[in-house]
Peer 1: 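If you scroll down you'll find the structure; I have some questions about it.
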Amino acid sequence: MERNRVEVALRNGEERLKVILENSYDAFISMDAKRLITDWNRQAEKTFGWSKTEALGQKLSFIVPQHLRRQYLRDIEEFFSTNDGHLLKTSKELVARHKNGTEFPIELTIFRVKEDAHYIFCTFVRDISEQKRSSHALELLIQERTRKLVISNEELHQFAKIAAHDLQEPLRTIQGFAKLLSENCREKLDSDGKEFIEYILDGVNRMQVLIQSVLAHSQIPTESSLHSVTDCNLIFEEVMRNLSASFSESLASVEVGTLPNVAVERTQVIQLFQNLLSNSIKYRGDSPLQISIKAEANANEWLFSFADNGIGIDPKYAGEVFDMFSRLNGKVKYPGAGVGLAICKKIVTTHGGNIWVDSKLGQGSIFLFTLPAVSKGRKTKMTNTIEILLAEDTPSDVRLTQEALKHSTFKYNLVTKSDGVEAIEYLKELQNAGEKLPDIMLLDLNMPRMNGHEVLAELSKDMVLREIPVVLLTVSEREEDIMEALHSKMNYYIAKPVTGEKLSTLVNAIHQLQHTEQSGKRTYSNEESHIRLVLAGNPHTSEIALRKLSDDPSDRVRSRVAENTRLPLEIFLKLVTDPSVEVRISVGENPMAPDEILELLSKDSSEDVRLAIASISTIPLHLLKALAADDNMYVAGAAKKTLEEVEAKVAMRKPS
């Protein structure tokens, strides 16, 4: 009865599995030991165009274009022939073909499971054409917007030059002759003529103020200066000295608390404080002016408040006061160009902050804004520059890489060598002199004297130089070149031409993992996620990077780390208690997992983890025997089966 109940349960489980696979979002294909297709679900029919009847009995390689089949078969065969174990899997992106002859990109995951004396192979396939198209379209859109922004910034720069000289020249001419007319012809002019000249001079003065204000606004940097450390207490004292005459005239009193350090360049903080205080003085009421300045910590930033008892602002205009040339009061009583608060807004928003006002007419105003705090864990050497070594022999590609770096989001120092020999000699010189090695190496594939593959091989021989993250720059996207580089020594690759956005994302991701402390968990873009997946599974990734990747919020990244064959014991110990079952299973599947780690997994609370461990013939016999007595019948059954296979192999090795 018990055996019958188990058989019924197994049959029901098989039926459920068939229904699930048949209705899977991914194409599912199973094969026998000869790689002949034995199952082909409905999604596979939709993805590739062949019916199940047409596909059964075919080799899996028939979904791959003819010119790629040999390399594909070699990679798959090499993977499964050089790896032992009952359950092995590999994932990759490749080009597939449809029945109608069109080619399209897919993500393929193939795994091998031992069944009795033979292996069966199962494959899940997902069409990633739309994902690739979206990614490419987004990259083109970003490139176009970046190009337009560069042009716009250049036009603004040219306008600033014109505003500084050419626009003011005719104004000075008008002003000069208007003054001469006023002085030389004053007696000949009637009251109207004198009034007209005063209006001309007043208009010229206001135009000069407007031009100077626009110039000041355009000269504010459009990039943040988060590497700066500015003491706001010192800035406040300097601004008070600059405005001492205005404060004395207005009989204003200022109450200020202890102010923090902020990650903003000091001249911009001076402009910000000075404009806000000048604004309070200009728009003071009849009562003696009182100003209060405070700052309080708010997450990774500081919240500042500048409060006064001035004339206040109608709440419906609270957003408009930060616009260029915005004026809510008459020019006669309150002179100015209406640019001061716009400058404040640009300084604050450039550094990722916000600025707003809380006010009512006749009840004063409170201007509030946020500025980035200085990171306590900052390491000056790391944040100042990223040292980059470029090994490239083509002048045009050197220039393209230089231009891409110019549009990146980090400070860097670039050293260029024209071939592999020069690059290796340069690294050896630095190493022998005890000087700092590059943070990242950008390496061309095809170079004279020593090509990229030879450079990678040379680096891998040196225990120190092999720790330098290497990015391969190549026009080749041939699978052979990429796989050869990965097997040699590489962290990532970029197909030429290099874009600023892609290079910026890649270098930042690698550099963060190499040098910075992670603060909290965050999500990453598709590009960053792919980089982290490559780094996580690459045996050449440094231990410090693997340590940080083992804390990645993505289960997939942590699983890839768990499969990495170059893991120190401390990371094994961390991942063996990971909350994700998939991560813990990946730990068990790692051929380099120590016995003590496998012992912990054999006692895991998840039956799926214990089942995976029970199917591994290379684990110690005492663990297999313990699992054979597991409370879960499937775990116990798998362990008993594995034990029998191990004992059979041992018996075959014994001399007769």
Peer 1: Going by heavy atoms in the side chains, are Glu435 and Glu429 under 4.5 Å from each other?
Peer 2: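 No - every pair of side-chain heavy atoms lies 4.5 Å or more apart.
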Peer 1: Run the side chain to side chain contact (heavy atoms under 4.5 Å, CB included) check on Leu437 and Val464 step by step: do they pass?
Peer 2: CA-CA 9 Å; Leu437 294 172; Val464 175; 3.6 Å; yes
Peer 1: Could you state the interatomic distance from CZ (Phe104) to CG (Leu94), rounded to the nearest 0.5 Å?
Peer 2: 10.0 Å
Peer 1: Yes or no on side-chain hydrogen bond (donor to acceptor under 3.5 Å, both in side chains) for Ser30 and Thr38, after CA distance, side-chain angles and deciding distance?
Peer 2: CA-CA 5 Å; Ser30 67; Thr38 57; 2.8 Å; yes
Peer 1: Out of curiosity, Met31 CE to Ile120 CD1, how far, rounded to the nearest 0.5 Å?
Peer 2: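 Answer for the CE-CD1 pair, Met31 versus Ile120, is 9.5 Å.
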Peer 1: Does Lys574 have any side-chain hydrogen bond (donor to acceptor under 3.5 Å, both in side chains) partners at least two apart in sequence or in another chain, and if so, which?
Peer 2: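 If we apply the side-chain hydrogen bond (donor to acceptor under 3.5 Å, both in side chains) test to Lys574, skipping adjacent residues, the hits are Ser550, Asp551.
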Peer 1: At what distance, to the nearest 0.5 angstrom, does CG of Asp127 lie from CD of Gln43?
Peer 2: 9.0 Å
Peer 1: Residues in side chain to side chain contact (heavy atoms under 4.5 Å, CB included) with Asp608, at least two apart?
Peer 2: Val581, Ile585, Ser606
Peer 1: Flag yes if more than 12 heavy atoms outside Asn432 fall under 6.0 Å of its CG atom; otherwise flag no.
Peer 2: yes
Peer 1: Identify, with sequence neighbours excluded, every residue that meets side chain to side chain contact (heavy atoms under 4.5 Å, CB included) alongside Glu422.
Peer 2: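 By the side chain to side chain contact (heavy atoms under 4.5 Å, CB included) rule, Glu422 matches Lys417, Ser418, Asp419, Arg449.
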Peer 1: Does a side-chain N-to-carboxylate-O contact under 4.0 Å join Glu644 and Lys640?
Peer 2: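 Salt bridge absent between Glu644 and Lys640.
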Peer 1: State whether the side chain of Asp462 and the backbone N or O of Lys428 hold a donor-acceptor pair below 3.5 Å, judged by distance alone.
Peer 2: no
Peer 1: For residues Val455 and Gly420, report the shortest heavy-atom separation together with the two atoms involved.
Peer 2: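 Looking at all heavy atoms of both residues, the shortest contact is CG2-CA, 3.5 Å.
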Peer 1: Going from CZ on Arg112 to CD1 on Ile110, what distance comes out if it is rounded to the nearest 0.5 angstrom?
Peer 2: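 Answer for the CZ-CD1 pair, Arg112 versus Ile110, is 10.0 Å.
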Peer 1: Evaluate the side-chain proximity of Ile424 to Met450: yes if any heavy-atom separation is below 4.5 Å, no if none is.
Peer 2: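 Heavy-atom side-chain distance check passes, below 4.5 Å.
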Peer 1: Among all residues two or more places apart in sequence or in another chain, which pass the ring-ring contact (aromatic ring centres under 6.0 Å, His included) test with Phe28?
Peer 2: Phe124
Peer 1: Restricting to non-hydrogen atoms, name the atom on Ile37 and the atom on Asp39 that form the minimum distance, rounded to 0.1 Å.
Peer 2: CG2-O, 3.4 Å
Peer 1: Mind listing the closest non-hydrogen atom pair of Phe572 and Asn590 along with its distance?
Peer 2: CZ-ND2, 3.7 Å
Peer 1: I want to check something: taking the side chain as every heavy atom from C-beta on, are Leu601 and Ile619 in contact at a cut-off of under 4.5 Å?
Peer 2: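 Not touching, per the 4.5 Å side-chain cut-off.
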Peer 1: Under the salt bridge (Lys or Arg N to Asp or Glu O under 4.0 Å) test, which residues partner Asp32, sequence neighbours left out?
Peer 2: none
Peer 1: Hey, what do you get for OG (Ser134) to CD (Glu130), rounding to the nearest 0.5 Å?
Peer 2: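 Going from the OG atom of Ser134 to the CD atom of Glu130 covers 4.5 Å.
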Peer 1: Is there side-chain contact between Ile468 and Ile440, with at least one heavy-atom pair below 4.5 Å?
Peer 2: no
Peer 1: Counting only N and O atoms by type, is there a donor-acceptor contact under 3.5 Å from the side chain of Arg97 to the main-chain atoms of Glu103?
Peer 2: no
Peer 1: Are Ser559 and Leu575 side-chain neighbours, meaning at least one heavy-atom pair lies under 4.5 Å?
Peer 2: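 In short, these two side chains do not touch, never coming nearer than 4.5 Å.
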Peer 1: Which residues pass the side chain to side chain contact (heavy atoms under 4.5 Å, CB included) test with Ala638, not counting sequence neighbours?
Peer 2: Leu611, Ala614, Ser615
Peer 1: For a quick test of reading the model, state the closest non-hydrogen atom pair linking Leu627 to Ser602 and the distance between them.
Peer 2: CD2-O, 3.5 Å
Peer 1: Name all residues meeting the side-chain hydrogen bond (donor to acceptor under 3.5 Å, both in side chains) criterion together with Asp393; count only those two or more places apart in sequence or in a different chain, and write none if there are none.
Peer 2: none
Peer 1: Can a donor-acceptor pair be found, under 3.5 Å and without considering hydrogens, that links the side chain of Thr394 to the backbone of Asp397?
Peer 2: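 The answer is no, because no donor-acceptor pair under 3.5 Å joins these two groups.
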Peer 1: Set out, in order, the CA-CA distance, both residues' side-chain angles and the distance that settles side chain to side chain contact (heavy atoms under 4.5 Å, CB included) for Glu599 and His622, then state yes or no.
Peer 2: CA-CA 9 Å; Glu599 185 162 1; His622 74 277; 4.2 Å; yes
Peer 1: Under the side chain to side chain contact (heavy atoms under 4.5 Å, CB included) rule, what do Gln402 and Val398 come out as? Steps first, then yes or no, please.
Peer 2: CA-CA 6 Å; Gln402 289 171 337; Val398 171; 3.8 Å; yes
Peer 1: Return the set of residues passing side-chain hydrogen bond (donor to acceptor under 3.5 Å, both in side chains) with Ser580 (not counting sequence neighbours), or none when no residue passes.
Peer 2: none
Peer 1: Testing Leu456, Leu389, Leu459, Leu390 for side chain to side chain contact (heavy atoms under 4.5 Å, CB included) with Leu443, which one passes?
Peer 2: Leu456
Peer 1: Who pairs with Asn451 by side-chain hydrogen bond (donor to acceptor under 3.5 Å, both in side chains), at least two apart in sequence or on another chain?
Peer 2: none
Peer 1: Please test Phe48 against Ile29 for side chain to side chain contact (heavy atoms under 4.5 Å, CB included), starting from the C-alpha separation and ending with a verdict.
Peer 2: CA-CA 11 Å; Phe48 299 103; Ile29 308 166; 4.3 Å; yes
Peer 1: Show the nearest heavy-atom pair for residues Val587 and Val576, with the distance to one decimal.
Peer 2: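 Here Val587 and Val576 meet closest at CG2-N, 4.4 Å.
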Peer 1: Any side-chain heavy-atom pair from Met447 and Asp444 closer than 4.5 angstrom?
Peer 2: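 Yes - at least one pair of side-chain heavy atoms lies under 4.5 Å apart.
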Peer 1: Check whether any side-chain heavy atom of Leu546 lies under 4.5 Å from a side-chain heavy atom of Ile571, and answer yes or no.
Peer 2: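 Yes, at least one pair of side-chain atoms sits under 4.5 Å.
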Peer 1: Ignoring hydrogens and geometry, is there a side-chain-to-backbone donor-acceptor pair from Arg584 to Asp578 under 3.5 Å?
Peer 2: yes
Peer 1: Listed by chain and number, what are the ring-ring contact (aromatic ring centres under 6.0 Å, His included) partners of Phe62, not counting sequence neighbours?
Peer 2: Trp40, Trp50
Peer 1: Write down the atom of Leu405, the atom of Ile388, and the distance for their closest heavy-atom approach.
Peer 2: CD2-CD1, 3.9 Å
Peer 1: Among residues at least two apart in sequence or on other chains, which ones pass side chain to side chain contact (heavy atoms under 4.5 Å, CB included) with Ile128?
Peer 2: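 Per chain and number, Ile128 pairs via side chain to side chain contact (heavy atoms under 4.5 Å, CB included) with Glu93, Pro105, Glu107, Arg126, Gln131, Lys132.
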Peer 1: Between the side chain of Thr47 and the main-chain N/O of Ala44, is any donor-acceptor distance below 3.5 Å?
Peer 2: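 Flag not set: sc Thr47 to bb Ala44 has no pair under 3.5 Å.
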Peer 1: To the nearest 0.5 Å, what is the distance between CD (Glu589) and CD (Glu582)?
Peer 2: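 If we round to the nearest 0.5 Å, Glu589:CD and Glu582:CD are 8.5 Å apart.
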Peer 1: Could you pull out all residues at least two apart from Lys461 that satisfy salt bridge (Lys or Arg N to Asp or Glu O under 4.0 Å)?
Peer 2: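 By the salt bridge (Lys or Arg N to Asp or Glu O under 4.0 Å) rule, Lys461 matches Glu458.
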Peer 1: State, yes or no, whether a side-chain contact exists between Thr618 and Pro591 at a heavy-atom distance under 4.5 Å.
Peer 2: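 No, every pair of side-chain atoms sits at 4.5 Å or beyond.
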Peer 1: Which one of Asp604, Asp630, Asn632 satisfies the side chain to side chain donor-acceptor pair (under 3.5 Å) criterion with Arg610?
Peer 2: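 Result for side chain to side chain donor-acceptor pair (under 3.5 Å) with Arg610: Asp630.
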